[in-house]
Protein chains: 2
Amino acid sequence: MNRVTPKIQTFAQDCESCPIRHRAVCARCEADELQVLEQIKYYRSFEAGQTVAWAGDNMDFVASVVTGIATLSQTMEDGRRQMVGLLLPSDFVGRPGRSRSAYDVTAATNLVMCCFRRKPFEELMLSTPHIGQRLLEMTLDELDAAREWMLLLGRKTAREKIASLLCIIARRDASLQLSQSQGELSFELPLTREAMSEYLGLTLETVSRQMSSLRKEGLILTEGKRRITIPDFDKLLEETGDDSDGGFLV
Amino acid sequence: MNRVTPKIQTFAQDCESCPIRHRAVCARCEADELQVLEQIKYYRSFEAGQTVAWAGDNMDFVASVVTGIATLSQTMEDGRRQMVGLLLPSDFVGRPGRSRSAYDVTAATNLVMCCFRRKPFEELMLSTPHIGQRLLEMTLDELDAAREWMLLLGRKTAREKIASLLCIIARRDASLQLSQSQGELSFELPLTREAMSEYLGLTLETVSRQMSSLRKEGLILTEGKRRITIPDFDKLLEETGDDSDGGFLV
DNA sequence: CATGCTGTTTGATCTACATCAAGGAGTTTG
DNA sequence: CAAACTCCTTGATGTAGATCAAACAGCATG
């Protein structure tokens, strides 16, 4: 009973050609739509730390992450920051119509995005119901993730927050590499301590202390600053405070 | 320059007949769709405190709030609770397909919901693109609200949290009653101190203390336990920590 | 090879909020 | 109209995590 994989959809089952959402199974792509998408799409690369869009920008494109990681953040006037979303490969950003809120979109690692110019994309959406359907599914998943995160932010301890984040990243990472040894997971942390703290509603010092504490207790192993190995995933999962079968998904 | 109203869509502009979303302007209702919706809809009433659906239930309906207020909560194994959504009249609950997460849905006040049986609703959605469109818009708004709330949960002080909540409820309430004296808002708090604490990630004692503190400073006036009057909305808004023009929407 | 520079760790101290505890105000109930 | 209930307030005390501060590790730079 391996609890790591079940909830994970791997790229293996994906529709490679659907640029909207590689992650999910897509059996509805039709040639002419894809052709239109082909015409309005273009790629953009960003270096780690570069800003994709500032809060308040009128983004003239919508995009999906091809490789790398981007973060979605809000900032208060006095500089307090809260990350509100983590964009991993196949995740989508941008919305039809106006958003009331404004987020910074920042590359956490080197990043490649597949962009679609907004206007033609919106037109395509109107004429192609299933693209709207797809976006609805994705948005509902994001909403679920945001609400899980609200529980984390509002009620979890620092230790539980860290454990939760590590489990989520490990899960997502494992879903990309089909090879994984039983129970043991190893991955490169894509976030600095500061970015983690912004995500978890903590300070970077607290993040560092909790990481050290997990390390001392043998729940995680580290090589250098970024390489993390989880010798026993289930054991770390117990530290998250989640129901044992709660399937987090970011 | 009245900052209270601008972001609020009033019922005045609403399409009364569209059961999906009264709040937004709907110019796309077509007779035959409405007829189908008519056939599959039914009303349910709940008393304050009653549970509409438990976490883990397979809800066999989707629904929109007609009158009253419902809350969406998650609970951890050890009983820690976090409210993740507040459903006000015209808000929608339920989703096509399965949700990974499970929420309790509870009536905070007496509640009337307009329900649609799930199966036929989903079928209607497939055959009627604009209903999906509408749901996408609503879901994106909810996602924005959830993300605003993440900022609140992760980074705001207790005082800022209370001020934010009061401003949000006052705004929503004002949008329902067209009559409002300049700057002064008065409303009935639909939540107990405990419910507020669950929403804000605080304890009920802290909520009570902060309310008292705001009262002592004259930022709010109270009659009994529930009636709140905000003599100067802008002043209270300054306590929220938000950008002055940040338009919260729940 | 010193000189930064960026990201991290660890320690000492402080504080906002939680926790524990008691009592009050407004109801419903017998 | 007492008893019991629910919801709220206020006080005393405890603590998780913030803040302040110093130093270190890995890298790039001149």
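Computed from heavy atoms alone, side chains included, the values below leave out hydrogens, waters and symmetry copies. Protein chains get the first letters and strands the later ones, always in sequence-line order, with residue 1 at the start of each. Since this is a predicted model, take the numbers as computed values, not measurements.
In the interface, the side chain of A:Arg215 is not paired with the base of C:dT10 through any donor and acceptor atom under 3.5 Å apart.
Rounded to whole Å, atom C1' of C:dG26 lies 17 Å from atom CG of B:Leu189. If you measure from atom CD of A:Glu205 to atom C1' of C:dT10, you get 10 Å, rounded to the nearest angstrom. Atom P of nucleotide C:dT10 and atom CZ of A:Arg193 are separated by 10 Å, given to the nearest angstrom. The separation between B:Leu204 atom CG and C:dT19 atom P is 11 Å, rounded to whole Å. A straight line from CZ of B:Arg159 to C1' of C:dA16 spans 14 Å, rounded to a whole angstrom. Straight-line distance from the CG atom of B:Leu153 to the P atom of C:dA16: 20 Å, rounded to whole Å. Nucleotide C:dA18 holds its P atom 14 Å from the CD atom of B:Glu194, rounded to whole Å. Spacing between atom NZ of B:Lys161 and atom P of C:dC17 amounts to 7 Å, rounded to whole angstrom units.
Note on ring orientation: taking the six-membered ring where Trp is involved, the planes of B:Tyr199 and B:Trp149 are parallel (angle under 30°, cut-offs 30° and 60°).
Closest-nucleotide positions on DNA chain C for A:Arg226 and A:Arg209 were compared, and the one nearer the 5' end corresponds to A:Arg226. Map B:Ser212 and A:Thr157 each onto its nearest nucleotide of DNA chain D; the residue landing nearer the 5' end is B:Ser212. Heavy-atom distances to DNA chain D give each of A:Leu202 and A:Lys225 a nearest nucleotide, and the one nearer the 5′ end belongs to A:Leu202.
Residue contacts for B:Gly49: at a heavy-atom cut-off of 4.0 Å it reaches no nucleic acid atom on any strand shown. Counting any heavy atom pair closer than 4.0 Å across all strands shown, A:Thr192 reaches sugar-phosphate atoms only and no base atom.
One finds the CG atom of B:Leu87 at 9.5 Å from the CD1 atom of B:Ile69 (value rounded to the nearest 0.5 Å). Atom CD in B:Gln82 sits 10.0 Å away from atom OG1 in B:Thr75 (nearest 0.5 Å).
A salt bridge (Lys or Arg N to Asp or Glu O under 4.0 Å) with A:Asp242 holds for exactly one of A:Arg171, A:Lys156, A:Lys161; it is A:Lys156.
Taking a cutoff of 4.0 Å between a charged side-chain nitrogen and a carboxylate oxygen, A:Glu142 and B:Arg147 qualify as a salt bridge. Checked for salt-bridge contact, A:Asp78 and B:Arg155 miss the test: no charged N lies under 4.0 Å from a carboxylate O. Under the 4.0 Å criterion applied to side-chain N and carboxylate O atoms, A:Arg81 and A:Glu198 are assigned as salt-bridge partners.
When DNA chain D is scanned 5' to 3' for any atom under 4.0 Å from a heavy atom of chain A, the first and last hits are D:dG17 to D:dA25.
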